[in-house]
Amino acid sequence: MKTASNLYEALYVSTMAPDAPISAVADIAGKARTFNAGRDITGLLIFDGLRFCQQLEGRQKEVLSLVERIRHDPRHTDVEIIHHGPLDERRFRSFALAFTNVDDADVLSRIAQLDGQAGIAAFTELVATLDMDD
C-alpha cells in the first residue's frame, strides 16, 4: 500500500514541435495512458493547439524518468519544468492520463512563466474551470 509520502509530482509546459503533425497529440495521449497505467502514474495533459501542460503524479523515480523521456521526445520542444516535489495526495486518481483542450491560447503561456507553488496554483485554478469527465 502506498502512503502519501511516497507520492511525487511534476508539472511542465512544452511546445509542440513545428514539424509534428496534429495527429501526434492523439498518439501521445493514447500511448501515455497505457504507459502510465503500467507504472501507477496518473495526471492530466492539457493542449492549447501549440503548447502542452502536463501534471504527472506517482512514485518519484517513475515520474522523473517519464519527465526525462518527455524532454527527449522530438514531438516536444522547450520543455520547462514548472514544479516538481512531494505530493500529499493524487489530484487525478481516476486517470492514467486525462486529456483536455483549452481554447485560451494564452493560459498555458502564462503558466509557463511561473515556478513552484505559483505554477501549481495556476494549474489548479485552470483545472477547476475545465469540464472534466471521470
Side-chain angles (χ1 to χ4, degrees):
M1 180 88 178
K2 291 176 185 55
T3 62
S5 62
N6 290 346
L7 287 175
Y8 196 83
E9 73 177 334
L11 176 68
Y12 75 87
V13 175
S14 68
T15 302
M16 188 167 161
D19 60 343
I22 196 69
S23 62
V25 177
D27 186 53
I28 288 169
K31 288 182 179 171
R33 284 186 179 109
T34 302
F35 182 89
N36 292 359
R39 288 158 184 79
D40 196 28
I41 294 174
T42 54
L44 172 65
L45 176 65
I46 302 170
F47 183 64
D48 71 3
L50 175 63
R51 286 179 203 82
F52 296 99
C53 180
Q54 185 167 229
Q55 188 267 354
L56 301 163
E57 52 196 23
R59 290 181 304 276
Q60 181 176 0
K61 181 179 177 180
E62 299 292 345
V63 168
L64 293 178
S65 175
L66 180 52
V67 168
E68 281 307 302
R69 276 181 59 133
I70 292 165
R71 280 185 185 274
H72 293 96
D73 186 327
R75 298 169 297 187
H76 294 267
T77 63
D78 304 321
V79 178
E80 293 289 332
I81 306 302
I82 306 302
H83 168 79
H84 66 93
L87 179 65
D88 289 334
E89 64 181 310
R90 290 181 190 262
R91 291 182 176 90
F92 303 102
R93 287 176 207 79
S94 304
F95 303 112
L97 179 71
F99 174 77
T100 192
N101 292 299
V102 292
D103 294 328
D104 181 348
D106 295 326
V107 69
L108 298 186
S109 178
R110 288 190 300 269
I111 291 174
Q113 303 303 312
L114 302 172
D115 284 318
Q117 291 303 316
I120 287 291
F123 175 79
T124 302
E125 286 177 25
L126 172 61
V127 169
T129 69
L130 301 174
D131 185 19
M132 301 280 297
D133 294 328
D134 288 342

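All figures in this text were calculated on a predicted structure; none of them were measured in a lab.
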Worksheet item: When you look at Ile70 and Gln54, which way does the side chain to side chain contact (heavy atoms under 4.5 Å, CB included) test go after all the steps?
Response: CA-CA 10 Å; Ile70 292 165; Gln54 185 167 229; 3.5 Å; yes
Discussion item. The test is side chain to side chain contact (heavy atoms under 4.5 Å, CB included); show your working for Leu66 and Asn36 and say whether it passes.
Written reply: CA-CA 9 Å; Leu66 180 52; Asn36 292 359; 3.5 Å; yes
Practice prompt. State whether the side chain of Glu9 and the backbone N or O of Gln55 hold a donor-acceptor pair below 3.5 Å, judged by distance alone.
Written response: no
Worksheet item: If every non-hydrogen atom of Val63 is compared with every non-hydrogen atom of Ile41, which pair is closest and at what distance?
Response: N-CD1, 4.4 Å
Worksheet item: Going from CD on Gln60 to CG on Leu7, what distance comes out if it is rounded to the nearest 0.5 angstrom?
Response: 11.0 Å
Worksheet item: Has the side chain of Arg90 got a donor or acceptor atom that lies under 3.5 Å from a matching backbone atom of Glu57?
Response: yes
Response to the item:
Minimal heavy-atom distance between Ile82 and Gly119, with the atoms involved, is CG2-CA, 3.6 Å
Could you list the donor-acceptor pairs under 3.5 angstrom formed between side-chain atoms of residues 19-29 and any protein atom two or more places apart in sequence or on another chain?
from	atom 1	to	atom 2	distance (Å)
Asp27	OD1	Lys31	NZ	3.4
Asp27	OD2	Arg75	NH1	2.9

Response to the item:
In terms of heavy-atom contacts, Ala17 and Pro74 come closest through CB-O, 3.2 Å
Worksheet item: Which distance, rounded to the nearest 0.5 Å, do you find between the CG of Leu64 and the OH of Tyr8?
Response: 4.5 Å
Worksheet item: How are the rings of Phe92 and Phe123 set to each other: parallel, tilted or perpendicular (split at 30° and 60°)?
Response: perpendicular
Worksheet item: So how far is it from Leu44 CG to Arg91 CZ, rounded to the nearest 0.5 Å?
Response: 10.5 Å
Worksheet item: Is there a chain of hydrophobic side chains (I, L, V, M, F, W, Y, each step under 4.5 Å between heavy atoms) that links Leu50 to Leu114?
Response: no
Practice prompt. Name the orientation class of the two ring planes belonging to Tyr12 and His76 (parallel below 30°, tilted from 30 to 60°, perpendicular beyond 60°).
Written response: perpendicular
Discussion item. Could you measure the distance from the CE atom of Met16 to the CZ atom of Phe47? Nearest 0.5 Å is fine.
Written reply: 5.0 Å
Worksheet, complete the sentence: One should read off an interatomic distance between Leu108 CG and Gln113 CD, to the nearest 0.5 angstrom, of 11.5 Å
Worksheet item: Would you find more than 12 non-hydrogen atoms of other residues, nucleotides or ligands less than 6.0 Å from His84 atom NE2?
Response: no
Worksheet item: How far apart are the closest heavy atoms of Leu11 and Cys53, and which atoms are they?
Response: CD1-SG, 3.7 Å
Discussion item. Tell me the closest heavy-atom pair linking Thr42 and Arg93, and the distance in Å.
Written reply: CG2-O, 4.0 Å
Fill in: Side chain Thr77, main chain Thr15, donor-acceptor under 3.5 Å
yes
Practice prompt. Apply side chain to side chain contact (heavy atoms under 4.5 Å, CB included) to the pair Glu62 and Leu56, showing each step before the final yes or no.
Written response: CA-CA 10 Å; Glu62 299 292 345; Leu56 301 163; over 6 Å; no
Practice prompt. Give the intermediate values and the outcome of side chain to side chain contact (heavy atoms under 4.5 Å, CB included) for residues Ile81 and Arg71.
Written response: CA-CA 10 Å; Ile81 306 302; Arg71 280 185 185 274; 3.2 Å; yes
Worksheet, complete the sentence: The reported gap from CG in Asn101 to CD1 in Ile46 (rounded to nearest 0.5 angstrom) is 9.5 Å
Practice prompt. Quick one: which residue pairs count as a salt bridge (Lys or Arg N to Asp or Glu O under 4.0 Å) with a foot in residues 97-110, not counting sequence neighbours?
Written response: Asp104-Arg110
